[in-house]
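We're numbering straight along the sequence, starting at 1.
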Amino acid sequence: MNSLEITRRRLLQAGGLVMVSSLLPLSFDALAAAPAGRPASPPPDRVDSFIALSADGQVTAFNGHVDLGTGVKTALSQLVADELDVDLAAVTMILGDTRRTPNQGPTIASATIQVTSIPLRQAAAQVRQHLLQLAARAFNLPESRLATENGYVFERANRARRLSYGELARGQDLHLPLDSAALLKTPAQSRYVGRPVARVDIPAKVTGGLSYVHDVRVPGMLHGRVIRPPYAGADSSAPLGKALVAVDAASIAHLPGIVKLVVINDFIGVVAEREEQAIAAMNQLQVTWRDWQGLPDLAAGLHDTLVAHPKQDRMLQDDAEIEQIISALPTPVNADYLWPFHLHASIGPSCAVADVRDGQAEIWSGSQNPHDLRKDIAKLLDLTEEQVHIQRLDASGCYGRNGADDVCADAALLSQAVGKPVRVQLMREQGKRLGAERHRPAYPGARRAGRRPSGGRL
């Protein structure tokens with residue numbers, strides 16, 4: 001089964017469920033009764049699930065981070081398989097899906113394994129311990145006489161006397177609050193962690209399976225393109241928000257397949273039946289924009305430009321007597337540093353598909369920050385967060401424009417305007433247009449320090 005189709009509803013339909021989460025979920029009756037096409041959508045503050053084990057033996061693990069090509073989906077699967085004592089192939093990882101995973105923030109700073117994997121490991125260890133308890137009652141034996149291996153609990157003295165995890169979960173409708181004190185396995189007890197395994201994401205990528213957001217196709221899908229202002233970057237003097245002067249709809253009236261021309265303030269988009277039709281309309285639409293002189297010349301004096309730019313100072317830390325301490329040091333060190341703008345330049349154009357209708361927004365995205373994207377889309381469309389569902393797939397890169405997710409907003413606005421699903425993929429020249437790309441901000445920094453004598457004290 002495609003991982004995107006796995007829901008708690010399906011796990012319940014298997015005949016039982018053991019789930020570990022950090023907050024109380026919706027009732028299991030409500031989850032089981034959800035329509036097949038629209039899985040139950042709990043409010044964002046009600047469910048933070050990490051592990052679900054169903055009566056058919058399916059282990060589903062949930063993490064709010066995503067795999068940006070670094071292999072964390074495989075690594076998290078290894079952690080879960082080890083803590084649960086199951087085969088790696090028995091674990092299905094759901095990453096970054098806003099309806100199914102906890103909000104653990106953006107996937108940044110190599111924090112997936114360091115930080116967000118911890119509750120996942122604890123939940124897996126907790127499920128294994130609970131299965132031991134269930135088996136102990138079934139066998140009428142103390143837990144110390146039982147062990148786990150490959151998805152079974154068995155009696156140490158008689159390995160043939162065993163129960164599968166699925167059998168133990170059968171008939172259960174059990175939600176366990178996360179126990180952060182769950183005993184984790186040591187590296188020496190690991191079967192997968194620290195050992196090479198085949199990447200779980202590679203098969204779909206090399207066989208043409210659904211892996212990349214660019215490959216998403218949904219029934220009735222249309223194609224959109226957005227016409228942007230011609231400004232290479234902007235500052236406080238740019239007319240953004242009031243840049244549009246006129247749009248000549250007649251300039252594309254002769255083109256085939258045009259469904260709608262969408263104009264919302266400075267936002268201009270075209271929706272067509274086919275992608276090449278949308279591209280043709282984008283290229284031929286006549287638009288008049290207000291003039292703008294552009295950014296100052298940053299190449300020659302970026303430091304001075306940033307220093308002179310309007311700003312508000314913010315004190316991070318002010319230690320007592322720091323000025324006296326520094327002035328007393330025999331070797332003062334004063335230096336100015338400049339962090340320039342950085343262009344991430346993803347390897348391929350951003351893409352998104354949006355289906356906005358009936359008070360719901362379904363977004364297929366390559367975002368590295370799906371939960372915050374849900375908040376932004378909800379605000380943009382005047383919906384609540386629970387009305388927005390972000391399904392995260394692989395993208396052709398992660399930083400810069402793909403991280404900014406503006407293509408998701410494009411698709412959402414166009415879909416809302418036509419009431420049908422719309423796919424938007426940036427053209428390569430749009431994705432690489434340096435002035436329109438999302439840059440890491442530049443900033444100057446002054447450092448004052450000093451060297452004390454060897455063995456001296458501050």
> Looking at residues at least two apart in the chain, or sitting in another chain, which of them share a side chain to side chain contact (heavy atoms under 4.5 Å, CB included) with Val197?
Thr74, Gln78, Leu88, Tyr192
> Assess whether atom CG of Asp291 is packed by more than 12 heavy atoms of other residues, nucleotides or ligands within 6.0 Å.
no
> Just wondering, do His175 and Ser49 contact through their side chains at under 4.5 Å, heavy atoms?
no
> Can Arg225 and Glu275 be counted as an ion pair, charged N to O under 4.0 angstrom?
yes
> Name all residues meeting the side chain to side chain contact (heavy atoms under 4.5 Å, CB included) criterion together with Gln284; count only those two or more places apart in sequence or in a different chain, and write none if there are none.
Ile252, His254, Leu255, Ala280
> Please find the pair of heavy atoms, one from Lys73 and one from Leu95, that lie closest to each other, and give the distance.
CB-CD1, 3.7 Å
> For the residue pair Asp67 and Val72, what are the closest heavy atoms and their distance?
OD2-N, 3.2 Å
> Can you list the steps and then say if Gln391 with Glu362 is a side-chain contact (heavy atoms from CB on, under 4.5 Å)?
CA-CA 8 Å; Gln391 294 196 47; Glu362 198 82 13; 2.8 Å; yes
> Would you mind reporting whether Thr112 and Thr70 have side-chain heavy atoms less than 4.5 Å apart?
no
> Apply the test side-chain contact (heavy atoms from CB on, under 4.5 Å) to residues Leu381 and Val388: give CA-CA distance (whole Å), side-chain angles for both, the deciding distance (0.1 Å), then the verdict.
CA-CA 9 Å; Leu381 303 180; Val388 178; 5.5 Å; no
> Indicate yes or no: at least one non-hydrogen side-chain atom of Arg170 is less than 4.5 angstrom from one of Glu167.
yes
> Mind checking side chain to side chain contact (heavy atoms under 4.5 Å, CB included) for Val259 and listing every partner two or more places apart, or none if nothing turns up?
Leu222, Val271, Glu273, Val418
> Quick check: does any side chain N or O of Asp336 sit under 3.5 Å from a backbone N or O of Pro444, one acting as donor and the other as acceptor?
no
> Does atom CZ of Arg290 have more than 12 heavy-atom neighbours from other groups under 6.0 Å away?
yes
> Are a donor atom and an acceptor atom from the side chains of Asp97 and His389 found within less than 3.5 Å of each other?
yes
> Could you go through the salt bridge (Lys or Arg N to Asp or Glu O under 4.0 Å) check for Asp410 and Arg228 one step at a time?
CA-CA 11 Å; Asp410 294 342; Arg228 310 258 181 217; 2.3 Å; yes
> Quick one: does His371's side chain have a donor or acceptor within less than 3.5 Å of a partner on Gln104's backbone?
no
> How about Lys242: does its NZ atom have over 12 heavy atoms from other parts shown lying under 6.0 Å from it?
no
> Compare all side-chain heavy atoms of Leu302 with those of Phe341 and state whether any distance is below 4.5 angstrom.
yes
> May I have the step-by-step check of salt bridge (Lys or Arg N to Asp or Glu O under 4.0 Å) for Arg191 and Asp87, ending in yes or no?
CA-CA 9 Å; Arg191 175 183 173 189; Asp87 191 81; 3.3 Å; yes
> Using the side-chain contact (heavy atoms from CB on, under 4.5 Å) rule, take Arg423 and Cys351 through it: C-alpha gap first, then chi angles, then the decisive distance, then the call.
CA-CA 7 Å; Arg423 177 183 183 272; Cys351 180; 3.7 Å; yes
> Hey, does the side chain of Ser350 reach the backbone of Val407 with a donor-acceptor pair shorter than 3.5 angstrom?
no
> Before giving the answer on side-chain contact (heavy atoms from CB on, under 4.5 Å), spell out for Met93 and Val200 the whole-Å C-alpha distance, their side-chain angles and the decisive distance to 0.1 Å.
CA-CA 10 Å; Met93 283 297 315; Val200 299; over 6 Å; no
> Taking side chain as C-beta onward, heavy atoms only, is Leu413 less than 4.5 Å from Val262?
no
> Main chain of Ile258, side chain of Gln277: is a donor-acceptor contact present, judged purely on distance under 3.5 Å?
no
> Take atom NZ in Lys205; do more than 12 heavy atoms of anything else shown fall under 6.0 Å from it?
yes
> Does the side chain of Lys260 reach to within under 4.5 Å of the side chain of Lys420, using non-hydrogen atoms?
no
> Determine yes or no for a side-chain-to-main-chain donor-acceptor pair under 3.5 angstrom, with Gln122 supplying the side chain and Ala182 the backbone.
no
> Considering only heavy atoms from C-beta outward, does the side chain of Asp355 approach that of Val218 to under 4.5 Å?
no
> For the side chain of Tyr165 and the backbone of Leu84, is there at least one donor-acceptor N/O pair under 3.5 Å apart?
yes
> Determine, for Lys375 against Asp372, whether the closest basic-nitrogen to carboxylate-oxygen distance falls under 4.0 angstrom.
yes
> Measuring only between side-chain heavy atoms, which start at C-beta, is Phe267 closer than 4.5 Å to Leu414?
yes
